[in-house]
There are 2 protein chains.
Amino acid sequence: MNFIVGMSKSAETVFINYMETHNLSMTPQRKLIVETFLKTEGHFSAEHLCRLVKEKASDIGQATIYRTLKILVESGLADSMDPGDGVALYEHAYGHQHHDHLICVNCGATVEIFDETIESRQEKVAEDHGYKLTRHRMFLFGLCADCQNGSH
Amino acid sequence: MNFIVGMSKSAETVFINYMETHNLSMTPQRKLIVETFLKTEGHFSAEHLCRLVKEKASDIGQATIYRTLKILVESGLADSMDPGDGVALYEHAYGHQHHDHLICVNCGATVEIFDETIESRQEKVAEDHGYKLTRHRMFLFGLCADCQNGSH
DNA sequence: TTCTATGCAAAATGTTTGCAATCAC
DNA sequence: GTGATTGCAAACATTTTGCATAGAA
């Protein structure tokens, strides 16, 4: 379950460090939630993570899962986004470079995208308006190749 | 209150046409809500529009305002967006070209932006992944000039 | 021990819906 | 008249919070 990325620390180590420096204790609940989060690839809702966690320990309350997700985001292990329907989606952030998302409006298939030209134009546009850019969100919506063809 | 834009129809005309072709009736409530919407510039929430409408007619229910906002979006007069906090913001869409938004994270000042290069790269990135792009949303977050300086 | 974390249930938020009464055409 | 529209209140979905209990260090 470790990320082997050169000399960088594992996600677990980063999380444990964050916990220690913030006087947060490592409870079995948090351990399970973080492990489950790290094992889950892709983009998923809090509710989806809840289901996965409760499969392993049905007595964990959803409040704890939401609270731990917040810690995961603060610690830099998770990133959260809302493509527009008011439901936050989470994904791994540690060891992952910034990217935006290309989402199929029919089946939900999501591709992580990154375009240097867009990124630098964003900086420039912000500067042109006197803004100091801190972050951005970009969602491209369309029909994926599969959905353009056959079904539905 | 009319938009004088060459030969194009006024927003009211477009709305009335939409109503007729969709078998929707022009009630005094809808009339007031649409008038208020058209008079309100910028980016505002449903709740903000509710307040403005209720100042004029306190007996209009919020459900009617939400329902009318939906009609406004469907008719192409309004555009709705959610910059990320789960609250939809509305703005005029009729007679306005597409644009994205640059938002001050401190004071909320919002600038409408448009960059040809970004737009065409978005198309290309989508194509490269076999997607047929239908729409996109982009939010740039940063500190506006005012907030970089003095007050906070 | 002492302060933090938990689970539960209730609250908060923004939006939508069911329904009987009302209104537009 | 007839079907669409309204206001109300309740329902909704997601996320957050208060609180008494339980647990970590």
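Computed over heavy atoms, backbone and side chain alike; hydrogens, waters and symmetry mates excluded. Letters A, B, ... mirror the listed sequences (proteins, then strands); counts begin at 1.
Residue pairs meeting the salt bridge (charged side-chain N to carboxylate O under 4.0 Å, His left out) criterion with at least one partner in residues 86-96 of chain B, sequence neighbours excluded, do not occur; the list is empty. The ring pair (Phe, Tyr, Trp, His ring centres under 6.0 Å) pairs that include a residue from residues 15-47 of chain A are Tyr18(A)-His22(A), Phe37(A)-Phe44(A), Phe37(A)-His92(A), His43(A)-His101(A), where partners are two or more places apart or lie in different chains. Among residue pairs with one or both ends in residues 66-90 of chain A, those qualifying as salt bridge (charged side-chain N to carboxylate O under 4.0 Å, His left out) are Asp79(A)-Arg137(A); sequence neighbours excluded. For residues 49-63 of chain B, the pairs satisfying salt bridge (charged side-chain N to carboxylate O under 4.0 Å, His left out) are Glu47(B)-Arg51(B), with sequence neighbours left out.
No donor-acceptor pair under 3.5 Å is formed between the side chain of Thr134(A) and the backbone N or O of Lys132(A).
By the 4.5 Å side-chain criterion applied to Ile, Leu, Val, Met, Phe, Trp and Tyr, Phe139(B) is assigned to a cluster that also includes Met81(B), Leu89(B), Ile103(B), Val105(B), Phe141(B), Leu143(B). Taking a 4.5 Å side-chain heavy-atom cut-off between Ile, Leu, Val, Met, Phe, Trp and Tyr, the cluster of Phe114(A) contains only that residue. Taking Ile, Leu, Val, Met, Phe, Trp and Tyr as hydrophobic and joining them when side-chain heavy atoms fall under 4.5 Å apart, one finds Val125(B) in a cluster with Leu102(A), Val111(A), Ile113(A), Ile118(A), Val125(A), Tyr131(A), Leu133(A), Met138(A), Leu140(A), Leu102(B), Val111(B), Ile113(B), Ile118(B), Tyr131(B), Leu133(B), Met138(B), Leu140(B).
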Please list, for nucleotides 13-15 of chain D, all pairs of protein and nucleotide N/O atoms separated by less than 3.5 Å.
residue: dT15(D); atom: OP1; partner: Ala88(A); partner atom: N; Å: 3.0
residue: dT15(D); atom: OP2; partner: Tyr66(A); partner atom: OH; Å: 2.7

I'd like a list of close polar pairs between nucleotides 22-25 of chain C and the protein, N/O only, cut-off under 3.5 Å.
residue: dC25(C); atom: OP1; partner: Met26(B); partner atom: N; Å: 3.4

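Heavy-atom distances under 4.0 Å link DNA chain D to no residue of residues 72-80 of chain B.
The side chain of Arg30(B) contributes an N or O atom lying less than 4.0 Å from OP1 or OP2 of dT6(D).
The minimum heavy-atom distance linking Ile60(B) with Thr64(B) is given by the pair CG2-CB, 4.2 Å. When all heavy atoms are compared, the tightest approach of Val14(A) to Ser75(A) is CG1-O, 4.1 Å.
Atom C1' of nucleotide dG7(D) and atom CD1 of Ile33(B) are separated by 12 Å, given to the nearest angstrom. For the pair Asp82(B) CG and dG14(C) P, the computed distance is 11 Å after rounding to whole Å. Spacing between atom NZ of Lys31(B) and atom P of dA4(D) amounts to 23 Å, rounded to whole angstrom units. The CD1-P distance, from Ile71(B) to dA4(D), rounds to 13 Å in whole Å. Rounded to a whole Å, the CE atom of Met19(B) is 11 Å from the C1' atom of dA4(D). Between the NZ atom of Lys54(A) and the P atom of dG7(C) there is a distance of 8 Å, rounded to whole Å. With rounding to whole Å, His48(B) atom NE2 is found 15 Å from dG14(C) atom P. One can place CG of Leu49(B) at 15 Å from P of dG14(C), the figure rounded to the nearest angstrom.
In this structure, the side chains of Thr36(B) and Ile33(B) stay at 4.5 Å or more apart for every pair of heavy atoms.
Applying the side-chain hydrogen bond (donor to acceptor under 3.5 Å, both in side chains) test to Gln148(A) and every residue at least two apart in sequence or in another chain returns nothing.
Mapping Asp85(B) and Ala63(A) onto DNA chain C via the closest heavy atom, the residue that lands nearer the 5' end is Ala63(A).
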Chi angles and distances behind the side chain to side chain contact (heavy atoms under 4.5 Å, CB included) call for Val34(A), Glu12(A): CA-CA 8 Å; Val34(A) 172; Glu12(A) 288 86 350; 5.6 Å; no
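Each end of the helix from dT1(C)-dA25(D) to dC25(C)-dG1(D) yields a helix axis from five base pairs, and these two axes differ in direction by 30° (to the nearest 10 degrees).
A chain of hydrophobic side-chain contacts below 4.5 Å, direct or via other Ile, Leu, Val, Met, Phe, Trp or Tyr residues, connects Tyr94(A) to Leu24(A).
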